[in-house]
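Reviewing the structure listed below.
Start at 1 and go down the list; that is how both ligands and their atoms are numbered. Counting begins at 1 with the first residue of the sequence.
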Amino acid sequence: MDQMSQTAKVILDGNTYELPIVIGTEGEKGIDISTLRSISNYVTFDHGFGNTSNCESAITYLDGEAGILRYRGYPIEQLGESSSFVETSYLLIHGELPTPAQLGDFSDLLGEHSMLHEDMKNLFNGFPSSAHPMAILASMVCSLSAYYPGIDMLNPVKEDFDRIVAMLISKVRTISAFAYKKSIGEPFVYPRQDLEYIPNFLNMMFSSPTRSYKIYDEVVQALKVLLILHADHEQNCSTSSVRLVGSSWANLYASITAGICALWGPLHGGANEAVIEMLEMIHKDGGDVDKHISLAKDKSNRVRLMGFGHRVYKSYDPRAKIIKASAHDLLNKLGINDPLLEIAVKMEEKVLNDPYFIERNLYPNVDFYSGIIYKAIGIPMRMFTVMFAIGRLPGWIAHWKEMMESPSARIGRPRQIYTGSRKRDYVPIIRR
Ligand code: ACO
């Protein structure tokens with residue numbers, strides 16, 4: 001971050017205040033208002049932090065107008081095409097691509113830490129089979145802090161941090177697959193040291209003591225692209241939650257759990273599940289896309305077109321572009337003809353030509369086509385947001401680490417504009 005000599009002038013009650021301007025490496029400019037209250041008694045007001053930067057970050061660059069997304073400077077298109085999920089995770093967390101030796105060490109750590117403490121299986125048994133896998137994931141990740149105690153927050157040792165990062169990335173995959181097995185009443189399939197990250201997950205999900213699962217390269221490739229595209233997205237709702245919880249020096253597991261919970265909502269990561277629900281509903285209703293679009297435009301209800309719109313993208317989400325192509329490609333390769341994909345394509349076409357959506361810059365987002373790929377792979381709908389969480393985990397960890405290492409990080413504590421009652425005196429209820 002550069003400090004420009006130029007300042008912003010704010011005139012309040014006839015007084016002029018000069019505030020510094022900060023500028024990022026891609027030219028993004030911000031007014032530093034951190035002293036505003038102490039010099040003027042004013043705070044700033046911004047619903048949903050729509051125009052507020054809470055930190056400086058060197059992890060992900062996003063230009064919502066131009067549709068650009070880069071991790072540590074590398075375009076996501078290049079990473080999706082040529083990197084692996086494990087390598088991209090390393091890049092996000094450590095800031096640079098690993099050397100072959102570093103990648104080997106990281107992969108070894110992931111293999112070493114893939115098992116869950118046997119006692120944790122009892123926790124799975126405590127959940128009803130109807131439990132949503134996101135509820136299980138959040139509870140289990142928080143429980144990891146009890147089974148695998150964390151880092152000394154004030155004095156983290158690099159080896160401890162590397163071990164805990166590997167533990168989280170590896171065990172979250174195992175927990176997710178176990179949560180699925182629990183939901184269908186099948187025995188858990190343990191992780192295997194001989195399989196790479198994604199095949200290992202697919203094997204834990206879909207093989208059983210009586211059934212072996214054939215791992216297709218096309219499926220691994222499609223899943224890899226999805227995980228990489230979900231791996232980080234700067235200060236979104238879940239990542240901001242991780243930062244906010246972590247800012248109190250809560251441990252990494254607790255902070256990540258907050259991210260999982262925030263991701264669950266249908267306005268955020270839960271949208272991938274909601275998109276398929278919406279497309280299925282339209283399909284059952286005879287495929288009338290116009291009817292649903294009209295409902296979403298009608299302000300007298302809370303219906304929204306799930307998978308459309310984004311706080312920062314005011315053009316086509318670059319991730320959605322890649323995922324749409326990948327969905328077509330995978331379905332072709334697997335010989336699947338999914339009517340939901342047809343409905344989705346039809347809906348997109350109509351939306352992109354509809355003045356309501358054009359005026360508001362609403363385009364398909366990352367969640368619009370991802371569910372079609374998960375569905376083709378055989379991943380059930382209730383696991384979609386869990387898949388998102390597996391993908392987003394390295395980003396959450398990278399942000400937690402960046403915040404903990406930043407000398408300027410402070411506990412997250414927004415201000416408010418109070419609009420409640422003014423002072424009034426308490427009158428006790430007369431008791432008989
Ligand atoms: N369908 C219909 N109208 C929409 C949609 C939508 N999907 N999204 C936004 N709008 C409308 C709003 O009603 C509002 O209209 P108005 O100006 O007439 O009041 C206008 O567009 C601006 O919308 P906001 O709510 O201000 O946008 P915001 O940035 O707060 O919300 C969000 C972004 C939550 C993603 C929103 O677009 C949405 O709800 N989309 C559907 C859910 C979804 O797909 N979420 C996943 C996002 S990607 C991710 O988190 C991984």
Side-chain angles (χ1 to χ4, degrees), residues 45-52 60 62 64-65 67 69 71 76 134 225-242 258-279 281-282 289-324 340 344 347-374 381 384-396 399:
F45 183 62
D46 180 18
H47 270 304
F49 309 117
N51 198 38
T52 298
T60 287
L62 196 173
E65 277 75 30
L69 179 60
Y71 301 157
I76 45 137
M134 282 297 277
V225 170
L226 276 184
L227 294 185
I228 290 178
L229 294 182
H230 283 85
D232 192 42
H233 210 234
E234 49 120 299
Q235 310 308 320
N236 56 86
C237 178
S238 55
T239 302
S240 298
S241 305
V242 170
I260 293 170
C261 293
L263 188 75
W264 195 356
L267 295 191
H268 189 17
N272 55 15
E273 188 178 334
V275 166
I276 297 295
E277 274 168 358
M278 173 184 82
L279 296 175
M281 195 180 78
I282 296 171
V289 170
D290 292 321
K291 185 169 145 193
H292 199 79
I293 292 179
S294 300
L295 265 179
K297 295 194 291 188
D298 178 357
K299 300 288 179 193
S300 66
N301 65 57
R302 296 190 74 182
V303 175
R304 287 190 167 194
L305 278 197
M306 302 316 283
F308 282 87
H310 200 277
R311 171 61 59 79
V312 289
Y313 287 121
K314 300 305 166 200
S315 64
Y316 211 107
D317 182 334
R319 302 166 300 172
K321 223 178 261 176
I322 301 171
I323 294 172
K324 180 182 177 185
L340 299 194
M347 178 176 272
E348 178 189 335
E349 218 175 275
K350 288 187 181 273
V351 162
L352 295 184
N353 289 299
D354 186 313
Y356 171 96
F357 295 93
I358 295 171
E359 277 159 25
R360 290 168 177 77
N361 292 314
L362 301 170
Y363 293 85
N365 59 46
V366 68
D367 291 317
F368 191 55
Y369 287 103
S370 58
I372 303 216
I373 298 181
Y374 293 137
M381 207 158 71
F384 289 2
T385 314
V386 170
M387 299 307 300
F388 194 149
I390 296 175
R392 183 55 55 87
L393 182 57
W396 289 333
H399 283 271

### Query
For the side-chain contact (heavy atoms from CB on, under 4.5 Å) test, which of Asn365, Val366, Asn361, Leu69 pairs with Tyr313?
Leu69

### Query
Taking the side chain as C-beta and beyond, is there a heavy-atom pair between Phe388 and Asp367 under 4.5 Å?
yes

### Task
Looking only at non-hydrogen atoms, find the nearest pair between Leu352 and Pro364 and report the distance.
CD2-CD, 4.2 Å

#### Entry: Spacing of Ile76 atom CD1 and Ile322 atom CD1 [to the nearest 0.5 Å]
4.0 Å

### Query
Does Glu234 have any salt bridge (Lys or Arg N to Asp or Glu O under 4.0 Å) partners at least two apart in sequence or in another chain, and if so, which?
none

### Query
At what distance, to the nearest 0.5 angstrom, does NE2 of His310 lie from CG of Leu62?
7.0 Å

Ligand-protein N/O pairs under 3.5 Å (ligand 1):
residue, atom, partner, partner atom, Å
ligand 1, 1 (N), Leu305, N, 3.0
ligand 1, 3 (N), Tyr356, OH, 2.9
ligand 1, 7 (N), Leu305, O, 2.8
ligand 1, 7 (N), Phe308, O, 3.0
ligand 1, 13 (O), Lys299, NZ, 2.8
ligand 1, 15 (O), Lys299, NZ, 3.0
ligand 1, 15 (O), Arg360, NE, 3.2
ligand 1, 18 (O), Lys299, NZ, 3.2
ligand 1, 18 (O), Arg360, NE, 3.1
ligand 1, 18 (O), Arg360, NH2, 2.9
ligand 1, 25 (O), Arg304, NH1, 3.4
ligand 1, 25 (O), Arg304, NH2, 3.1
ligand 1, 29 (O), Arg311, NE, 2.8
ligand 1, 30 (O), Arg311, NH2, 3.0
ligand 1, 39 (O), Arg304, NH1, 2.7
ligand 1, 40 (N), Phe308, O, 2.9
ligand 1, 44 (O), Gly307, N, 2.8
ligand 1, 44 (O), Asn365, ND2, 2.9
ligand 1, 45 (N), Leu267, O, 2.8
ligand 1, 50 (O), His268, ND1, 2.7

